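Quantities reported herein were computed from a predicted structural model and do not represent experimental measurements.
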Amino acid sequence: MYHYVRDLKNSRFPEIKGCDVRLFKEQIQYIKRHYIPVTVEQVLDSYAKGGECLPDKAILLTFDDAYADHFTYAFPILEHEHIQGAFFPPVKAVTEHTVLDVNKIHFILASTPIEMMPRLLSELRSLLEMNREKYGLESFDSYFERLAVANRFDSKEVVFIKRLLQVALPEQLRRDLSTKLFERSVGMDESVFSRELYMSIDQIRCMVDCGMHIGSHGYDHYWLSSLPKDKQEFEIAKSLEFLDMVGADTKKWTICYPYGDYNDDTISLLKQHGCQMGFTTKVAVADLKADGSDALYKLPRLDVNDLPKNSNATTNEWYQIG
Ligand SMILES: [Zn+2]
């Protein structure tokens, strides 16, 4: 599972948490040495035959959110190496030139040097205070106590800001605050920023023509399980329209759940609409022969950081598991 793959040092936001293109190249060489890249079509075909016909160390590369960087940096390398990537564009961001809240948060953080973090937190404290009554919010301190827990990638302050603005606050307020802080920290017009950040429709079409896989990532990048069934269906229908427009396969299509989030309604709708496979953000090696229903709609993925980014690295623990 890849997100940002970019020339970090020479980019406008060198602090963004992403995979530098040089390390991406190294990782692709590592992957070629230890795994066998397969296509979405091969995975589906194998599943139909009971998971028997994929090579032992099969690997499928997925890229979330259709960043322009994927077109600029990842796609030529994949094309050169004859590897298929699976790309998942958030439709509204690409077609209406908006910026996903989750990206706003990343760029707010990338524009905030560590010494400015206390200022960002105090800004958030006063914004929460101002909206406390209107939305019936908890106090800043109580959110902080609950949400500020460091994880394997981020400090507790960063985790707090991400969780607060991605999920803990009411949806409208999350959107308002992300937009406000984005304007202040990044200081760029949203539609200009969007055009720099995401692929264009023509770039996506070009990738389809070159054999890359393009799947659904919803329309408005919602936590799908938070939506009633009819709204989930809207998300799915709009993303299918988009797949059709860019010439992607709408008979045997796939979805990558925004935030890895789905529920039983999602899976029943996907089956109804002919979706073949769903990618989550659960960290594990996928087992196509796993017992239980719907394994193909709950596929776990490894993160870019779970595999070495050095072409000469020795085999890793996932290799042993996989
Ligand atoms: Zn996404």
| said: By the salt bridge (charged side-chain N to carboxylate O under 4.0 Å, His left out) test, which pairs, at least two apart or in different chains, include something from residues 268-286? | reply: Lys271-Asp294

| said: Could you check whether any side-chain heavy atom of Val94 comes within less than 4.5 Å of a side-chain heavy atom of Ile201, counting everything from C-beta outward? | reply: yes

| message | Measuring only between side-chain heavy atoms, which start at C-beta, is Leu181 closer than 4.5 Å to Glu123? | response | yes

| Just checking, is any N or O donor in the side chain of Glu171 or Tyr222 under 3.5 Å from an acceptor N or O on the other one? | yes

| query | Can you list the residues that meet the side-chain hydrogen bond (donor to acceptor under 3.5 Å, both in side chains) rule with Thr281, with sequence neighbours excluded? | reply | none

| Should Val5 and Val102 be regarded as members of a common hydrophobic cluster, given that ILVMFWY residues are connected when their side-chain heavy atoms come within less than 4.5 Å of each other, either directly or indirectly? | yes

| task | Determine whether the side chains of Gln276 and Thr254 contain a donor N or O and an acceptor N or O closer than 3.5 Å. | result | no

| field | Tyr259: ring pair (Phe, Tyr, Trp, His ring centres under 6.0 Å) partners, not counting sequence neighbours | value | His221, Trp223

| field | Gln203 side chain vs Phe71 backbone, donor-acceptor pair below 3.5 Å | value | no

| request: Keeping to residues at least two apart or across chains, list the salt bridge (charged side-chain N to carboxylate O under 4.0 Å, His left out) pairs with something in residues 227-239. | output: none

| note | Residue pairs meeting ring-ring contact (aromatic ring centres under 6.0 Å, His included), one or both in residues 158-188, sequence neighbours left out, come to Phe140-Phe160, Phe144-Phe160, Phe182-Phe193

| Hey, does the side chain of Glu190 reach the backbone of Thr98 with a donor-acceptor pair shorter than 3.5 angstrom? | no

| In terms of side-chain geometry, is the basic nitrogen of Lys309 or Asp20 positioned less than 4.0 Å from the acidic oxygen of its partner? | no

| field | Glu138/Arg132 salt bridge by N-O under 4.0 Å criterion | value | no

| Would the number of heavy atoms belonging to other residues, nucleotides or ligands and lying under 6.0 Å from CD of Glu115 be above 12? | yes

| query | Does Met212 offer a backbone N or O that forms a donor-acceptor pair with the side chain of Gln84 under 3.5 Å? | reply | no

| task | Would you tell me whether Ser111 and Ser185 have side-chain atoms, one donor and one acceptor, within less than 3.5 Å of each other? | result | no

| Could you state the interatomic distance from OG (Ser122) to CE (Met117), rounded to the nearest 0.5 Å? | 12.0 Å

| request: Check the pair Phe107 / Phe13 against ring pair (Phe, Tyr, Trp, His ring centres under 6.0 Å), numbers first and verdict last. | output: CA-CA 8 Å; Phe107 287 95; Phe13 298 92; 4.9 Å; yes

| No-hydrogen, no-angle side-chain donor-acceptor test under 3.5 Å, Tyr4 and Asp65 | no

| Between the main-chain N or O of Leu127 and the side-chain N or O of Asn131, is there a donor-acceptor pair closer than 3.5 Å? | yes

| query | Distance from Leu270 atom CG to Ile255 atom CD1, nearest 0.5 Å? | reply | 5.0 Å

| Hey, are Lys162 and Asp154 close enough for a salt bridge, meaning a charged N less than 4.0 Å from a carboxylate O? | yes

| salt bridge (charged side-chain N to carboxylate O under 4.0 Å, His left out) partners of Asp69, counting only residues at least two apart | Arg6

| Does the pair Phe75 and Phe87 meet the rule for a ring pair (Phe, Tyr, Trp, His ring centres under 6.0 Å), with working shown? | CA-CA 10 Å; Phe75 169 49; Phe87 296 84; 7.3 Å; no

| query | Is there a side-chain contact between Trp253 and His273 (heavy atoms, below 4.5 Å)? | reply | yes

| Check: Gln42 main-chain N/O paired with Ser46 side-chain donor or acceptor under 3.5 Å | no

| task | Go through the side-chain N and O atoms of Ser139 and Asp141 and say whether any donor and acceptor fall under 3.5 Å apart. | result | no

| field | By side-chain hydrogen bond (donor to acceptor under 3.5 Å, both in side chains) - contacts of Gln172 (at least two apart) | value | Asp176

| Side chains of Pro55 and Tyr35: does their closest heavy-atom pair fall under 4.5 Å? | no

| Sub-3.5 Å donor-acceptor pair from the side chain of His97 to the main-chain atoms of Arg195, do we have one? | no

| Do Asn312 and Gln29 have side-chain N/O donor and acceptor atoms under 3.5 Å apart? | no

| query | How would you list all residue pairs meeting ring-ring contact (aromatic ring centres under 6.0 Å, His included) that involve residues 226-252, not counting sequence neighbours? | reply | Tyr219-Phe234

| request: Kindly write out the residues that satisfy side-chain hydrogen bond (donor to acceptor under 3.5 Å, both in side chains) with Ser178, not counting sequence neighbours, or none if the list is empty. | output: none

| In this structure, are over 12 heavy atoms from other groups packed under 6.0 Å from Glu15 atom CD? | no

| query | Are Leu109 and Val159 co-members of a hydrophobic cluster defined by side-chain heavy atoms under 4.5 Å apart? | reply | no

| request: Could you tell me whether the side chain of Leu224 reaches within less than 4.5 Å of the side chain of Asn263, counting heavy atoms only? | output: no

| query | What do you reckon, is CZ of Arg119 surrounded by more than 12 foreign heavy atoms closer than 6.0 Å? | reply | no

| query | Ignoring hydrogens and geometry, is there a side-chain-to-backbone donor-acceptor pair from Asn10 to Asp7 under 3.5 Å? | reply | no

| field | Partners passing side-chain hydrogen bond (donor to acceptor under 3.5 Å, both in side chains) against Ser225 (at least two apart in sequence or in another chain) | value | Asp261

| field | Heavy-atom pair of closest approach, residues His70 and His3 | value | NE2-O, 2.6 Å

| remark: Between Leu100 and Ala93 the two heavy atoms that sit nearest each other are CD2-CB, 4.1 Å

| said: Hydrogens and angles aside, do Asn103 and Tyr67 bring a side-chain donor and acceptor to less than 3.5 Å of each other? | reply: yes

| field | 4.5 Å side-chain heavy-atom contact, Pro37 and Leu60 | value | no

| message | Rounded to the nearest 0.5 Å, what separates atom CG in Leu269 from atom CD1 in Ile236? | response | 4.5 Å

| query | When you look at Tyr2 and Phe24, which way does the ring pair (Phe, Tyr, Trp, His ring centres under 6.0 Å) test go after all the steps? | reply | CA-CA 10 Å; Tyr2 291 96; Phe24 176 74; 5.2 Å; yes

| query | Yes or no on side-chain contact (heavy atoms from CB on, under 4.5 Å) for Tyr262 and Lys298, after CA distance, side-chain angles and deciding distance? | reply | CA-CA 9 Å; Tyr262 62 93; Lys298 300 174 181 176; 3.2 Å; yes

| note | Of all heavy-atom pairs linking Ala313 and Pro308, the shortest is CB-CB, 3.4 Å

| query | Can you pull the salt bridge (charged side-chain N to carboxylate O under 4.0 Å, His left out) pairs that have at least one residue in residues 209-226, sequence neighbours excluded? | reply | Lys92-Asp220, Arg175-Asp220

| request: Answer yes when Asp306 and Arg301 have at least one side-chain N-carboxylate O distance shorter than 4.0 Å, and no when they do not. | output: no

| said: Using a 3.5 Å distance criterion without hydrogens, assess whether the side chain of Gln27 forms a donor-acceptor pair with backbone atoms of Val304. | reply: yes

| Tyr143 side chain vs Ala148 backbone, donor-acceptor pair below 3.5 Å | no

| note | Applied to residues 248-259, the salt bridge (charged side-chain N to carboxylate O under 4.0 Å, His left out) test, sequence neighbours excluded, yields none

| query | Given the rule that I, L, V, M, F, W and Y join up when any side-chain heavy atoms are under 4.5 Å apart, are Met199 and Met245 in one cluster? | reply | yes

